[in-house]
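Order of the sequence lines fixes the chain letters, A, B, ..., with proteins taken first and strands second; residue numbering starts at 1 for each chain.
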Amino acid sequence: MNQPDNSPDPQDDLAHQPSAGSLSARARAAVAPQLAYLNGLNPEQRAAVEATEGPVLVLAGAGTGKTRVLTTRIAHLIATGKAWPSQILAVTFTNKAAREMRERIGRAIGEVAEGMQWLGTFHSIGTKILRRHAELVGLRSDFTILGTDDQLRLMKQVIEAEGIDEKRWPARQLAGLIDGWKNRGLGPDQVAAGEAGAFANGKGGRLYRAYQERLKVLNAVDFGDLLLECLRLWREHPDILEQYQERFRYMLVDEYQDTNVAQYLWLRLLAQKRKNLCCVGDDDQSIYGWRGAEVDNILRFEHDFPGATVIRLERNYRSTGHILSAASVLIAKNQGRLGKTLHTEDELGEKVSITGAWDSEEEARLIGEEIEALQAKKHPLSEVAILVRISAQMREIEDRLVQLGVPYRVIGGPRFYERAEIRDALAYLRVVNQPADDLAFERIVNVPKRGLGDATIQVLHNHARAARVPLVEAARFIVETDELKPKPRATLRDLLISFGRWSKLSETMSQSEVAQAVLEESGYTDMWQKEKSADAAGRLENLKELVRSMEEFPDLQSFLEHVSLVMEANETDTIERVSLMTLHAAKGLEFDTVFLPGWEEGLFPNQRALDESGRAGLEEERRLAHVGLTRAKRRAKIYFASNRRIHGLWNSTVPSRFIDDLPEGHVEIVEAPANFSYGGGYGGSRFDRMQPFSGSSYQTPGWQRAQAHRANTEDGGYSARRSGERRGPMMIEGELVAKSTGTSGFAVGGRVLHTKFGPGTIEAVDGNKLTVEFDKAGRKMVLDSFVEALG
DNA sequence: TGACGCCCACTTTTT
DNA sequence: GTGGGCGTCA
């Protein structure tokens, strides 16, 4: 057990050099001798953990303990003294995966996991690196990370600036192209002319370049840049690359089959020196080819990293025999795979069932009935999942579950931070934080509507461009001239004054209070309160949640940093529900019982995948089927319908070829229970569909969905609503912010307790704003709603 | 600026 | 069938 070297853990370039007696050193010493964490690993898993040197590829089939291997390997590296936590790079794709890994390492070896500052997603680690060297790639270290919507707006501007008809050459398409290029690690100068020429009569490359230039001017990057700019940084500054190569003694990558070319290059550069790269993945679970993932990365690993050790994990700990066999036979039909044979020592269990339904509605009904039957047998609903190929399939199933009163939740869907209201709120905060943030300014300058329309914006833009200043700067200038009509001019001036005031507030108030004040004073919350549509209440809820979540951060800056990459609505699930999601969203999850509806040609395998990607597309679809089946621990139930409505039209459909791929010995065909009351015919089914189930607009699936999403922090599942506790807009008690009118009931000299700053004494009262001298935190201005009276 | 109505498209989705 | 984007008219 050699030490990495004699120096203490080099936590960071500048900071924190723990002494020999530090917590981490002691924890390492305590854990090293026993190696208790190795207990219970099977021989292959153990080999994967102990093969620390050189390139290693761990082919980990579904349910074979992949995460366990990864976390144990990290624990092992640390415990044996091969590396300090800060010298290990561990990359995942999602924040969720990173979080889980951190927790599990912590459980294995204690607090040492805290020192793992390089455990995160490709994007978060890329961000961290870029911020340190921002100036070398033409950015400032406080660059903003653009979301998809900002990106799109920027591209639209670029397209229009080039004098191209945006309708003929939509920004969406350009975004797709640029995304693809970035996924493949190509900067504007590296895109093949022919390929770039495909857009806007040969202007694709120019637009890409223009877009990148705009980003630089705005001090912003998009997601792709977080990796691409790292590549550029390292290529142009080999000395910096070397620093990182030195630092990362051991590198681990989760879900390697999902890496794209840019990520591959990123890893390869880093691993060049020490070559201790361990990639864990499963080529049979590569289902993200359409967004740039390169199965080739995993297929070519041995070629790319000569001398690589390849370890196969084939013992499955998840599914019973029939399910596993069915899945294995199915996936064996694929040509382009490294090949693994999953086996289990578990019992055979139930066969995979295949049920044909007359139409999609009957399919939904059958599933609903089965779930009710399971429910009656006390099968926990949290162990039941319905996995669909496309989200459009969800509607009918939801309808059915709603009718039966089966609680469910939809997993996936729009992310918290992608919602319009959240992005609007963030845009306000971004301008407060960084007035030069043009994209943010533009987004909210007229939200809520305040009469600053296109004409006004245009004037601002012209000035900004001519004077080469940010929009806010241009606005400040323009309100002093008479270029604008009196009304917009006054409005704009007010807005600028407001922003000045809000920026001031952030010097004394906590960021959540600033946010609350900004949202209130800008009229933004008012806007949603006045809005009568069904989801307005949900949006207000989301804003509340946003303000609440901000409290956990030390300041606005770090909150904004966090939010652009990893913001999620926290899902505290208290009630038992069935999970409904797409097959893609199901990767990495497992359930006792899995329903797999819609196994029909055209839908699954999806016609479009076949048209666009041919055999590769088919194989990816088959992998998706494999992922679906292997989610099931004890019961997998496949369904197909003979008639399905596609884009509003009824089509008759044929069972999926994947059904024929399954081995007869491991499946059973289930006769759909004859249901004469429906006449077994088209007409009967339609008739049934006509039955009103409530007539209220609150019962529409869309609304249900909105509720389900909104309710994810409450118990507010569907079942609650069924029992009459409907959570409609009318239910929203209280508003996001305290009313600023009237006295706050606080008096100078009174003692108060603040959620964040603790106890203090009131020094001044101004409407709902209090100036408080806090015992610990010093003098701050706070909103009265954030404090409670003491004594 | 808002309301209405037409037209289109429509697989999967993280960061 | 449905929602989003955009154009037109008041």
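- The CD-C1' distance, from A/Q285 to B/dT12, rounds to 16 Å in whole Å.
- Both geometric conditions, a ring-centre gap below 5.5 Å and a plane tilt below 30°, are fulfilled for A/H647 over the base of B/dC10.
- The residue A/Q151 sits apart from the nucleic acid: no heavy atom pair falls under 4.0 Å.
- The side chain of A/F223 lies closest to B/dT15, out of B/dG2, B/dT15, C/dG1.
- If you take NE2 of A/H562 and P of B/dT15, they are 11 Å apart, rounded to a whole angstrom.
- Note that the SG atom of A/C230 and the CH2 atom of A/W266 stand 6.5 Å from one another [nearest 0.5 Å].
- The ring of A/Y288 does not lie on top of the base of B/dT12; it is either too far (5.5 Å or more) or too tilted (30° or more).
- Residue A/E621 is classed as a base contact, given a heavy-atom separation below 4.0 Å to a base.
- Among the protein residues, A/L146 comes within range of no part of the nucleic acid, since none of its heavy atoms lies under 4.0 Å from any strand.
- A straight line from CG of A/L649 to C1' of B/dA9 spans 13 Å, rounded to a whole angstrom.
- Per the geometry, CZ belonging to A/R172 stands 14 Å off P belonging to B/dT13, to the nearest Å.
- Between A/I390 atom CD1 and B/dA9 atom P there is a gap of 17 Å when expressed in whole angstrom units.
- Applying the 4.0 Å criterion to OP1 and OP2 of B/dT12, one finds that A/N606 has every side-chain N and O outside that range.
- Looking at A/K216, A/K182, A/R232 one by one, the single match for salt bridge (charged side-chain N to carboxylate O under 4.0 Å, His left out) with A/D225 turns out to be A/K182.
- In this structure, A/G451 and A/T582 both approach DNA chain B, and ranking their closest nucleotides by distance from the 5' end singles out A/G451.
- Where A/A585 and A/N446 meet DNA chain B, the nucleotide closest to each residue was compared, and A/N446 sits on the side nearer the 5' end.
- The residue A/K156 sits close only to the backbone: its heavy atoms come under 4.0 Å of sugar-phosphate atoms, none of a base.
- You won't find any donor-acceptor pair under 3.5 Å spanning the side chain of A/R291 and the base of B/dT12, going by distance alone.
- If you run side chain to side chain contact (heavy atoms under 4.5 Å, CB included) between A/D179 and each of A/Q151, A/R291, A/R184, only A/Q151 comes through.
- Under 4.0 angstrom from either OP1 or OP2 of B/dT15 there lies no side-chain N or O belonging to A/T148.
- More than 12 heavy atoms of other residues, nucleotides or ligands lie within 6.0 Å of CZ in A/R131, so this atom counts as buried by the packing criterion.
- With B/dT1, B/dT12, C/dT2 as the candidates, the nucleotide lying closest to the side chain of A/S391 is B/dT12.
- Atoms CG (A/D179) and P (B/dT12) sit 17 Å apart, rounded to a whole Å.
- Side chains of A/E396 and A/S360: a donor-acceptor N/O pair is present below 3.5 angstrom, by distance only.
- Heavy atoms of A/G453 sit under 4.0 angstrom from primed sugar atoms or phosphate atoms, though from no base atom.
- With distances taken from any side-chain atom of A/R389 to the nucleotides B/dT12, C/dG1, B/dT15, the minimum falls on B/dT12.
- Whole-Å rounding puts the A/L589 CG to B/dT13 P distance at 13 Å.
- The residue from A/R337, A/K333, A/R623 that alone fulfils the salt bridge (charged side-chain N to carboxylate O under 4.0 Å, His left out) condition with A/D284 is A/R337.
- Here B/dT12 presents its C1' atom at 4 Å from NE2 of A/H584, a figure rounded to the nearest Å.
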